[in-house]
Amino acid sequence: MKKLILIDGNSIAYRAFFALPLLNNDKGVYTNAVYGFTTMLLKIIQEEKPSHMLVAFDAGKTTFRHKTYEEYKGGRQKTPPELSEQFPLIRELLDAFNIKRFELDNYEADDIIGTLSKEAEKEKWEVKVVSGDKDLLQLVSDYVTVVLTKKGITNVESYDEALIDEKYGIKPNQIIDMKGLMGDSSDNIPGVPGVGEKTALKLLKQFGTIENVLDSVDDVSGKKLKEKLIENKEQALMSKELATIFTEVPYNLTLDELKFGEYDEEKVVSLFKELEFKSLVDQFDTGVSAAEKELEELSFDVVEEVKEEHLATPAAMVVEVLDENYHQADIAGFALVHEKGRYFIPTETALRSDLFVEWAKDETKKKWLLDAKRGVVVLGWKDVLLDGVDFDLLMASYLLDPSHSSHDLSDIATRKGAKSIQADEAVYGKGAKRKVPETGVLAEHLVRKANVIYELKEQMEEELKKNEQFKLFKDLEMPLSVVLGRMETEGVKVDIDQLKAMGEDLASRLAELEKHIHEHAGVSFNINSPKQLGEVLFEKLGLPVIKKTKTGYSTSADVLEKLAEDHEIIRHILHYRQLGKLNSTYIEGLVKVTHKDTSKIHTRFNQALTQTGRLSSTDPNLQNIPIRLEEGRKIRKAFIPSEEGWKILAADYSQIELRVLAHIAQDEKLITAFKEDMDIHTKTAMDVFHVSEEDVTSMMRRSAKAVNFGIVYGISDYGLSQSLGITRKEAAKFIERYLASYPNVAEYMERIIEEARENGYVSTLLNRRRYLPELTSRNFNQRSFAERTAMNTPIQGTAADIIKKAMVEMALRLEEANLKSRLLLQVHDELIFEVPPEEVDKMMKIVPEVMENAVELAVPLKVDISAGDTWYDAK
DNA sequence: GCATCATGCAA
DNA sequence: TATTGCATGATGC
């Protein structure tokens with residue numbers, strides 16, 4: 001049996017809009033109505049399993065009803081813009097679901113629905129009408145049910161004849177008479193003044209229709225009522241007419257065209273992703289169904305032996321590695337797409353082919369990839385040099401908008417309007433189930449990927465040029481990815497025996513501490529469990545609760561420090577935590593990822609992740625090796641040069657972020673301070689506390705340092721108060737005095753927010769961008785966060801630009817000068833090298849020179865550098 | 001097996 | 001209710 005669902009699009013969108021808080025996605029697009037609409041739609045599809053569907057919308061402002069009554073729907077509130085802007089998204093959603101939508105000039109959604117429900121009724125189809133508008137109840141029949149939203153959006157009630165009778169005591173076709181009598185303020189239908197629902201129903205039960213009421217008006221009880229009815233006779237009849245749904249709308253659809261069933265799940269999921277409907281993505285994105293859907297045909301050849309014709313330039317290239325960690329990983333296969341054809345090349349076929357290997361290392365043969373570093377490194381491990389990388393889609397996508405959490409090819413393809421392809425996860429599975437599929441599936445997927453890269457290259461470069469980001473892309477990030485690839489492949493040598501020895505020492509001390517703590521507590525428990533620890537401290541020992549987390553008591557270090565006086569156990573716990581951290585994260589963690597044969601660690605630098613342009617490091621993270629406390633700093637003793645007699649050399653920018661601030665804000669006082677190479681925190685203390693250099697106490701310097709940090713982060717009085725342990729008022733006073741001392745900084749902070757609001761984004765020195773749609777959010781927290789980000793990102797991002805430029809330049813210099821020294825690591829404002837002894841002096845000169853001259857600012861850049869036998873000693 | 005939380009390490 | 005990150009163990013589904 002056929003089942004048709006007819007949805008009143010406008011009505012449901014309105015309901016959803018007002019039922020849900022104003023959500024928006026990271027682009028600042030409001031999504032609450034779309035979200036409500038979607039959940040309702042999914043619920044209907046799931047529960048009703050319709051064979052046919054249609055969503056009707058109101059078309060223009062005027063309809064045939066306005067001819068009858070000019071004031072129809074007059075005095076209505078204008079649709080809020082926050083809602084209007086969501087209608088195109090709702091249409092997009094329906095298209096993705098392959099659900100027919102329909103609107104027609106001169107008619108309302110009601111009329112379309114009425115017409116089609118009558119039509120379907122004739123064919124004896126089951127019909128469900130979904131709306132928030134009671135008017136639709138007039139359509140109810142043996143075949144037609146009307147589903148009305150009750151409260152919220154998915155809470156609904158289904159009306160059949162019985163329920164209408166129960167609620168109102170009338171038949172569905174009497175709804176219009178009811179409306180005629182009582183009117184409808186929301187549509188500005190007048191009805192009969194003084195007649196409400198109660199009176200209307202009473203009259204209808206007695207007389208049946210408005211016409212009968214008016215004909216037999218003498219039998220109506222109540223003098224006043226009778227007068228009103230006579231007086232408003234025409235108005236009542238007109239009101240009935242207005243409320244009557246017109247069921248003969250001219251339409252050029254057949255019922256068959258409303259068929260619902262097949263739709264592009266990937267399209268739906270990518271739309272959900274764009275809208276940030278995370279919970280809905282999870283419902284869909286199981287990957288199984290997406291894998292079954294049909295894609296446009298694409299022809300390609302499987303290469304059995306590499307020949308000239310398979311290798312052209314330029315070529316889009318896919319080097320597929322399923323492991324997230326590409327170091328020493330297996331290559332699943334290759335794909336090449338160029339003007340001569342599309343090819344899948346099995347791994348062995350490619351690697352044993354001299355032709356292929358020569359082509360790969362020929363820099364005149366241009367290659368276009370997604371995540372070039374990944375390709376370069378994985379081939380590097382197979383002793384195949386990949387050169388001539390001319391375009392990296394990953395970097396392009398990242399630079400155009402770093403906010404996208406995924407730069408997976410299928411996501412980029414969707415965003416950029418290329419041919420849609422399956423997500424890797426859908427083809428390969430995820431987690432433990434991830435595996436190389438059968439060759440046919442793999443081959444096709446890889447060729448499709450290469451095809452999309454080929455298709456998108458020009459467009460992406462155009463977009464970069466339009467944003468004035470092409471230089472950043474081509475001259476900075478692309479060369480940098482090669483440098484990073486080399487750093488990763490080279491790896492850092494560790495003294496594994498020393499690490500293990502430190503681990504044994506820590507383990508025995510931890511056991512001792514654990515014993516003490518359990519004794520003090522009088523009970524044995526897991527100290528690493530915040531839950532158990534909280535119970536022991538705050539329930540068993542009755543210590544005062546300072547702070548709570550959403551799941552229980554907070555036991556963080558700042559809380560425990562406040563309790564240190566109250567109980568001896570606390571300092572043991574703090575010590576246990578400190579050592580436990582070192583042992584699990586830094587000893588055991590590093591031992592786990594150190595290569596058995598070479599004793600080297602190969603991190604991966606993510607070049608397309610942070611919102612500011614910094615790098616990040618994973619597997620392991622070598623950008624957070626301890627340094628502040630001596631105990632942890634010792635870990636650095638285990639990081640050693642990879643060759644006998646070599647040295648570790650560390651060079652870090654001094655106060656790069658505050659220097660960048662001085663430059664951007666063009667603040668004379670700060671610029672002078674840096675030109676004179678003053679201690680910047682002391683200088684700040686002098687200016688904020690109005691004292692001379694000799695009178696700056698260590699306390700004052702400490703406060704000034706915290707204020708400087710705050711300025712860089714986008715200051716808030718609360719944040720500063722937390723960091724200094726003072727009241728918010730005192731913190732606010734500090735900030736005020738700082739901004740009064742550095743008026744150009746104050747001006748910068750205001751200007752950058754204003755600019756960001758106008759442009760929608762902030763930029764760094766080298767034109768890196770970050771979009772900040774939340775600057776216009778009505779949510780205070782969101783907006784404040786965006787404002788701090790607007791202040792911080794140009795600073796942090798420019799600092800990132802500078803060190804990246806220094807790295808590329810440094811790599812060039814090493815090559816030109818034929819030096820053996822190698823760049824190993826970057827830690828945001830410092831570069832770590834390993835250096836043969838005979839090059840130490842040279843490097844101590846070259847490195848600061850390159851770093852300090854990476855860019856020219858209104859202030860000098862300063863680099864501190866030192867060398868030692870281990871990373872620890874390079875201080 | 002996977003996701004989330006609290007915690008703590010770095011610049 | 002300060003910026004950017006990543007890894008850990010515990011916990012719960």
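Every value quoted in this text rests on a predicted model; they were computed, and no experiment measured them. Every chain is numbered from 1, with letters handed out A, B, ... down the list of sequences.
Set against C:dA2, B:dA11, C:dC6, the side chain of A:Asp829 has B:dA11 as its closest nucleotide. Taking every side-chain heavy atom of A:Lys592 into account, C:dT8 is the closest of B:dA11, C:dT8, B:dA6. Across C:dA2, B:dC9, C:dG9, the shortest atom-to-atom separation from the side chain of A:Leu720 is found for C:dA2. Listed nucleotides: B:dC5, C:dC6, C:dT8. Nearest to the side chain of A:Thr551: B:dC5. Side-chain proximity of A:Ser556 to C:dA2, B:dG8, C:dT3: nearest is B:dG8. The side chain of A:Lys430 lies closest to B:dA3, out of B:dA10, C:dG9, B:dA3. Side-chain proximity of A:Thr618 to C:dG5, C:dT8, C:dA7: nearest is C:dA7. Between B:dG1, B:dA3, B:dA11, one nucleotide has an atom nearer to the side chain of A:Ala432 than all others, and that is B:dG1. Considering only the side chain of A:Phe785, C:dT4 comes nearest among C:dC6, C:dG9, C:dT4. For A:Thr610, taking side-chain heavy atoms from C-beta onward, the closest of the listed nucleotides B:dT7, C:dT4, B:dA11 is C:dT4.
Nucleic acid contact for A:Thr793: none, since no nucleic acid atom lies under 4.0 Å from a heavy atom of the residue. At the heavy-atom level, A:Ala800 lies nowhere under 4.0 Å from the strands shown. At a threshold of 4.0 angstrom between heavy atoms, the contacts of A:Ser723 include nucleobase atoms, whether or not backbone atoms are also involved. The residue A:Val827 sits close only to the backbone: its heavy atoms come under 4.0 Å of sugar-phosphate atoms, none of a base. The residue A:Leu582 sits apart from the nucleic acid: no heavy atom pair falls under 4.0 Å. Contact annotation for A:Asp619: backbone-only contact, meaning every heavy-atom pair under 4.0 Å involves sugar-phosphate atoms and none involves a base. Contacts of A:Arg633 with the nucleic acid, taken as non-hydrogen atoms under 4.0 Å apart, are absent. Counting non-hydrogen atoms under 4.0 angstrom, A:Arg788 reaches the backbone sugars and phosphates but no base. Among the atoms of the strands shown, only primed sugar atoms or phosphate atoms (P, OP1, OP2) are found under 4.0 Å from some heavy atom of A:Gly589. Heavy atoms of A:Lys550 sit under 4.0 angstrom from primed sugar atoms or phosphate atoms, though from no base atom. Among the protein residues, A:Leu609 comes within range of the sugar-phosphate backbone only, with heavy atoms under 4.0 Å from sugar or phosphate atoms but none that close to a base. Within 4.0 Å of A:Gln611, counting heavy atoms only, lie sugar-phosphate atoms of the nucleic acid but no base atom. Residue contacts shown for A:Thr555 are limited to sugar-phosphate atoms, with no base heavy atom under 4.0 Å away. Residue contacts for A:Ala731: at a heavy-atom cut-off of 4.0 Å it reaches no nucleic acid atom on any strand shown.
Residue A:Arg628 places no side-chain N or O under 4.0 Å from the OP1 or OP2 atom of B:dC9. Taking 4.0 angstrom as the limit, A:Arg614 places none of its side-chain polar atoms (N or O) nearer than this to OP1 or OP2 of B:dA10. Look at A:Ser554 and you'll find a side-chain N or O under 4.0 angstrom from OP1 or OP2 of B:dT7. A close approach under 4.0 Å does not occur between any side-chain nitrogen or oxygen of A:Thr585 and OP1 or OP2 of B:dC9.
A side-chain contact (heavy atoms from CB on, under 4.5 Å) with A:Ile753 is found for exactly one of A:Arg757, A:Met749, A:Glu750, namely A:Arg757.
Atom CZ of A:Arg783 is separated from atom C1' of C:dA2 by 17 Å (rounded to the nearest Å). Atoms CD1 (A:Ile803) and P (C:dT4) sit 19 Å apart, rounded to a whole Å. The distance from atom CG of A:Leu510 to atom C1' of C:dG9 is 14 Å, rounded to the nearest whole Å. A:Asn606 places its CG atom 16 Å from the P atom of C:dT4, with the value rounded to the nearest Å. Summarising the geometry, the separation between CZ on A:Arg577 and P on C:dG9 is reported as 14 Å, rounded to the nearest angstrom. Atom CZ of A:Phe709 is separated from atom C1' of B:dA10 by 11 Å (rounded to the nearest Å). Note: CG (A:Leu622) to P (B:dA11) measures 13 Å, nearest angstrom. Straight-line distance from the CG atom of A:Leu658 to the C1' atom of C:dT3: 13 Å, rounded to whole Å.
Taking the centre and axis of the six-membered ring of A:Tyr761, the NZ or CZ atom of A:Arg769 falls inside the cone set by 45° and 6.0 Å. Remark: A:Arg788 fails to qualify as a cation-pi partner of A:Tyr713 under the 6.0 Å distance and 45° angle criteria applied to the six-membered ring.
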Pairs under 3.5 Å (N/O, protein and nucleotides 11-13 of chain C):
| unit_1 | atom_1 | unit_2 | atom_2 | d |
| --- | --- | --- | --- | --- |
| C:dT11 | OP1 | A:Ser529 | OG | 2.7 |

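A:His681 and A:Phe709 have parallel rings, their planes meeting at less than 30° on a 0 to 90° scale where 60° marks the start of perpendicular.
Crowding of A:Lys875 atom NZ: a count of heavy atoms from other residues, nucleotides or ligands under 6.0 Å exceeding 12.
Checked by atom type and distance alone, the side chain of A:Thr603 pairs as donor or acceptor with a backbone atom of A:Pro620 at under 3.5 Å. Side chain of A:Glu657 to backbone of A:Val712: no donor-acceptor contact under 3.5 angstrom is found.
A:Phe689 has its ring centre no less than 6.0 Å from the ring centre of A:Tyr738.
In this model, a donor atom of one side chain and an acceptor atom of the other lie less than 3.5 Å apart for A:Tyr326 and A:Glu488.
Contact of A:Asn621 with C:dC6 (side chain to base): no donor-acceptor pair of N or O atoms is detected under 3.5 Å.
Side-chain atoms of A:Arg571 and A:Leu560, non-hydrogen and from C-beta on, never get closer than 4.5 Å to each other.
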